[in-house]
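Quantities reported herein were computed from a predicted structural model and do not represent experimental measurements.
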Amino acid sequence: MPTAIRIIKFLQRINMIKRILVFLQMCFIIASVSGVAYSQPINIPSSYAYVLMDYKTGQILVENNADVKLRPASTTKIMTAILAVENGQMDSIMNISQNAVYDIGPGGMNIGIMPGESNLTLENMLNVMLIRSANETANIIAENISGSKEEFCKKMNEKAVELGAYNTNFVNPCGKDDAKGEENHLSTARDMAIIARYAMSKPEIREIVAKEYYNDLPPTNKHQKWDPLRSTNKLLWYSNKYPYTINGQNFNYEVNGIKTGYTSAAGNNLVTSAVGEDGLELIGVLLHVTEGNNKVFTYTKELLKYGFEHFENRKIVSANDVIKSVVVEDSNNNEKIDLVAETDFSCAMPIGSTDELESEEKIQTSVKAPVKKGDKLGVVEYKKNGVLLGSVNVVASKDVEKAVVVADNKDEAAKSDNIVKKILIPIVAICVAFMILRFFMRRLSRRIRRMNNL
């Protein structure tokens, strides 16, 4: 083959390879652009740690430095509140020690509770701790629940592991970090979102963290009255509603919690919960904001606004939707029954996306009569990228009675014959026995009379 032709073919191959590379590069660019739409919110420095979580399912919608271990400061008190609610009685009177009152760290938030103060309940301490972030109240709760702060912290860490907050370690119940060893008092944005989500499942905590003020502290032997206590969460001040926009329409989300935190080493931290107009509820966590105090609130509003403008509360299944129809064994004519969803299920999904969740049906392979309406016969699990987001019970849509078996005439006749036999045979036997006995008795009687006549 002439050299010129070989060169031409070689160049053609190179040109084809270039075209393939250009095509692959364009595919990569398109894929990258489509992925950026829901990548990160704007106007939050990338050095900060934050997480945005769907409260209903626990799926993470946005994250940055989510697993970096940082000092949580007073957001620690979310876990303290969880253990208080699960292990204490709300109306129990608190014993207040000197150690609990004074071990609050330099500049630690407090409301001036005194050692030996009487008439303060666990409910009072929870409100003051979560609303005003008073450090002594966390210590008081810990000592009354577990006998000591050290024992209480063991429970805190056990609960963290139970919830899946594996990168968290608490060494005190209030979040101070001044003493030796407290540099190991650490958590992450992801872990704090997990803990906060669980806390908001507790009605007692949910009610408290939504308050702007707490004015219900009773008089004690040390205080005749208390000053009004305002929440440290400024997103609850004046109005807890903030704007967001979807497709040119204006909406408002409503902040309903949850906890602030600050130390000089930790910076400003904020764990927030908010609900959009479509029912979407988000948990936002922002840690280690080293700028001015108000910046943590500004950035949190950016985080929440991004969430509500890019995600919606999409209903995946409604109560009474038919999941499957099955034949009920042992029913009349093998009757079919619809198995339906017991409840609604919804979760956060990107607005405008056509994404679908994976569903896995775990339904009884054999359904036998009788069946009552509402009987649980299985479950449907919903997953995203293999991660379980939630499940719905599958229940019977109606009653199905067991079939009545009607015997044929031959069977009935046979049964009747058996019954007659069972009744007549003993009667005949008794009659025969009676006749025989009578016969012998009469013969015996005659012999006796003859002998007497002799």
Side-chain angles (χ1 to χ4, degrees), residues 49 51 53 55 58 66-67 69-88 90 94 100 103-105 108-109 122-123 125-177 181-209 232-233 257-263 266 269-273 283-288:
V51 155
M53 173 187 281
Y55 168 76
D67 297 309
K69 293 183 179 181
L70 298 166
R71 299 172 190 250
S74 284
T75 60
T76 298
K77 293 165 183 163
I78 301 172
M79 179 62 86
T80 302
I82 290 171
L83 293 185
V85 168
E86 292 185 343
N87 296 279
M90 298 294 277
M94 299 286 97
D103 187 23
I104 61 174
M109 181 71 78
L122 176 60
E123 183 179 4
M125 295 300 94
L126 271 172
N127 274 272
V128 176
M129 179 181 72
L130 292 172
I131 294 172
R132 195 57 191 165
S133 197
N135 283 4
E136 75 267 42
T137 58
N139 294 335
I140 292 166
I141 289 170
E143 289 184 354
N144 280 267
I145 294 292
S146 297
S148 70
K149 294 190 291 293
E150 292 73 23
E151 286 301 313
F152 189 80
C153 286
K154 289 181 182 178
K155 288 186 177 181
M156 294 174 75
N157 290 323
E158 288 171 0
K159 191 68 179 183
V161 171
E162 178 187 322
L163 297 179
Y166 302 118
N167 289 315
T168 292
N169 183 63
F170 296 118
V171 300
N172 65 68
C174 65
K176 69 186 184 74
D177 55 16
E182 288 173 345
E183 65 273 10
N184 296 318
H185 188 94
L186 300 168
S187 187
T188 68
R190 189 188 310 278
D191 282 5
M192 289 310 305
I194 292 170
I195 294 168
R197 179 182 179 230
Y198 182 79
M200 291 297 280
S201 72
K202 304 291 182 182
E204 303 92 334
I205 295 176
R206 179 176 282 267
E207 179 184 356
I208 291 171
V209 297
T232 55
N233 185 355
I258 180 173
K259 190 71 195 72
T260 60
Y262 171 79
T263 67
N269 300 332
L270 182 58
V271 179
T272 313
S273 173
I283 299 287
V285 179
L286 183 57
L287 301 181
H288 199 57

Output a table of donor-acceptor pairs, distance under 3.5 Å, between side-chain atoms of residues 78-85 and any protein atom two or more places apart or on a different chain; print 'none' if there are none.
residue	atom	partner	partner atom	Å
T80	OG1	P173	O	2.6

Legend entry - N/O donor-acceptor pair under 3.5 Å between N144 side chain and M94 backbone: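 Looks like no, no N/O pair under 3.5 Å.
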
Inset, instruction - Could you tell me whether the side chain of E183 and the main chain of G181 form a donor-acceptor pair under 3.5 Å? - result: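 Yes, the answer is positive, given that a donor and an acceptor are paired below the 3.5 Å cut-off.
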
Going by heavy atoms in the side chains, are [X] and [Y] under 4.5 Å from each other?
{"X": "L287", "Y": "P72", "answer": "no"}
{"X": "L126", "Y": "M90", "answer": "yes"}
{"X": "S74", "Y": "N135", "answer": "yes"}
{"X": "I208", "Y": "M129", "answer": "no"}
{"X": "N269", "Y": "Y262", "answer": "no"}
{"X": "F170", "Y": "T168", "answer": "yes"}
{"X": "R206", "Y": "P203", "answer": "no"}
{"X": "R190", "Y": "N167", "answer": "no"}

Inset, instruction - Give the minimum heavy-atom separation between R71 and A266, together with the two atoms involved. - result: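 Closest pair (atom of R71, atom of A266, distance): O-CB, 3.3 Å.
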
Inset, instruction - Report, as yes or no, whether the 6.0 Å neighbourhood of atom CD on E207 holds more than 12 heavy atoms from other residues, nucleotides or ligands. - result: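 Open: at most 12 neighbouring heavy atoms sit under 6.0 Å from CD of E207.
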
Legend entry - Salt-bridge present (E151, K154; N to O < 4.0 Å):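 Salt bridge: yes.
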
Inset, instruction - Enumerate the residue pairs fulfilling salt bridge (charged side-chain N to carboxylate O under 4.0 Å, His left out) with a member in residues 75-87, sequence neighbours excluded, ordered by first and then second residue. - result: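 Non-adjacent pairs meeting salt bridge (charged side-chain N to carboxylate O under 4.0 Å, His left out): E86-K159, E86-K202.
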
Inset, instruction - Scan for salt bridge (charged side-chain N to carboxylate O under 4.0 Å, His left out) pairs involving residues 131-148, sequence neighbours excluded, and state none if there are none. - result: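 Sorted result for residues 131-148: E143-K149.
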
Legend entry - Worked check of side-chain contact (heavy atoms from CB on, under 4.5 Å) between M156 and T76: CA-CA 10 Å; M156 294 174 75; T76 298; 3.7 Å; yes

Inset, instruction - Assess the side chains of D177 and T263: does a donor N or O sit below 3.5 Å from an acceptor N or O? - result: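 Their side chains do contain a donor-acceptor pair, which is all the 3.5 Å distance test asks for.
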
